[in-house]
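To keep things clear, I will list the structure first and then write my remarks on it.
Residue numbers run from 1 in the order of the sequence given.
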Amino acid sequence: MVVAQTDCPARRVPDGTPLTIPEGTFVTITQALGGNYTLTYHGQMVRVDGTDAHRLGLESTHIEFPAPLDDQIIEAQVWQALGSVYDPEIPVDLVNLGLIYAVKIDQQARQVDIQMTLTAPACGMGPVLVGDVEYRVRLVPNVKSVKVELVFDPPWQRHMMSEEAQLQTGMFY
């Protein structure tokens, strides 16, 4: 059990609805994977991004980008942010799992459009993962908005994982 040191942003599981855990509130950590935390707060499960863990008195995940030289969004930084988001059940990031299908950057609108999938279409954590992706990609310099589209064509299959992810999960054969 931990106490929120300051107001802490969170998202309700599984629908991803944003909420704030008020300072001084006791919460129970039920899972810590990929730098993120799943908590019990007032009888409901919520997810706190690892970059906000210091608000709970925990060590935060740090995602740092060099200071921008201009007003452009750097695609490599978008991929870096995506690589910092982990599946809530498998301790592998979404990029190495092969869940990110496309990234499109609109420099004029400062918007990043992402097509991604889930390991299973009925995954109840879909809205939470979308929220994780939006939250982390918004940390990239010059990004004003992020739009994530869940797609299921082509359906995700094990061979879409990187070799590293296949080895890590024991799915390499």
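- Cluster annotation: Met125 is not connected to Leu19 through the hydrophobic network of ILVMFWY side chains, with a link wherever side-chain heavy atoms come within less than 4.5 Å.
- Looking only at distances, no side-chain donor or acceptor of Thr51 sits under 3.5 Å from a matching main-chain atom of Thr61.
- In this structure, Phe65 places its CZ atom where more than 12 heavy-atom neighbours from other residues, nucleotides or ligands lie under 6.0 Å away.
- Hydrophobic clustering of Ile, Leu, Val, Met, Phe, Trp and Tyr side chains at less than 4.5 Å, counting indirect connections, keeps Met45 apart from Tyr86.
- A donor-acceptor pair is defined here as one N or O able to donate and one able to accept, closer than 3.5 Å; such a pair exists between the side chain of Asp7 and the backbone of Glu23.
- Side-chain contact between Gln107 and Ile105 is present, with heavy atoms from C-beta onward closer than 4.5 Å.
- In this structure, the side chains of Ser145 and Glu134 stay at 4.5 Å or more apart for every pair of heavy atoms.
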ask   = Does the pair Ile100 and Trp79 meet the rule for a side chain to side chain contact (heavy atoms under 4.5 Å, CB included), with working shown?
value = CA-CA 9 Å; Ile100 306 299; Trp79 283 99; 3.5 Å; yes
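- Not one N or O on the side chain of Trp156 forms a donor-acceptor pair closer than 3.5 Å with the backbone of Met116.
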key: Candidate pair Thr38 and Val128, rule side chain to side chain contact (heavy atoms under 4.5 Å, CB included), full reasoning   = CA-CA 11 Å; Thr38 303; Val128 172; over 6 Å; no
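- Under the side-chain contact (heavy atoms from CB on, under 4.5 Å) test applied with Leu150, the options Leu129, Val130, Leu99 reduce to a single match, Val130.
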inquiry  = Could you walk me through whether Glu149 and Tyr101 satisfy the side chain to side chain contact (heavy atoms under 4.5 Å, CB included) test, starting with their C-alpha distance in whole Å, then the side-chain angles of each, then the deciding distance to 0.1 Å, before giving a yes or no?
reply    = CA-CA 10 Å; Glu149 177 186 10; Tyr101 285 175; over 6 Å; no
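- When side chains are defined from C-beta on, Thr28 does not count as touching Leu39, because their heavy atoms never get closer than 4.5 Å.
- Listed for the Thr117 side chain is a donor-acceptor partner under 3.5 Å among the backbone atoms of Val151.
- At distances below 3.5 Å, not a single donor-acceptor pair connects side-chain atoms of Asp93 with backbone N or O atoms of Val85.
- Annotation: side chain of Gln80 is not in contact with side chain of Val140 (no heavy-atom distance under 4.5 Å).
- Looking at Leu56 and Cys8, their side chains come closer than 4.5 Å, going by heavy atoms from C-beta outward.
- Asp52 and Tyr135 share a side-chain donor-acceptor pair at under 3.5 Å.
- Judged by distance alone, with hydrogens and angles left aside, the side-chain atoms of Gln5 form a donor-acceptor pair with the main-chain N or O of Val3 at under 3.5 Å.
- Val112 places none of its side-chain heavy atoms less than 4.5 Å from the side chain of Lys104.
- Annotation: side chain of Pro66 is in contact with side chain of Gln77 (closest heavy-atom distance under 4.5 Å).
- Taking the side chain as every heavy atom from C-beta outward, Arg55 and Pro9 approach each other to under 4.5 Å.
- Annotation for Met1 and Phe26: closest pair SD-CD2, 3.6 Å, computed over non-hydrogen atoms.
- For Asp49 and Arg136, the salt-bridge test passes: some basic side-chain N is under 4.0 Å from an acidic carboxylate O.
- In terms of heavy-atom proximity, Arg110 sits nearest to Asp71 at NH2-CB, 3.1 Å.
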message = Apply side chain to side chain contact (heavy atoms under 4.5 Å, CB included) to residues Leu94 and Leu82 and explain how you reach the verdict.
response = CA-CA 7 Å; Leu94 302 188; Leu82 289 167; 5.8 Å; no
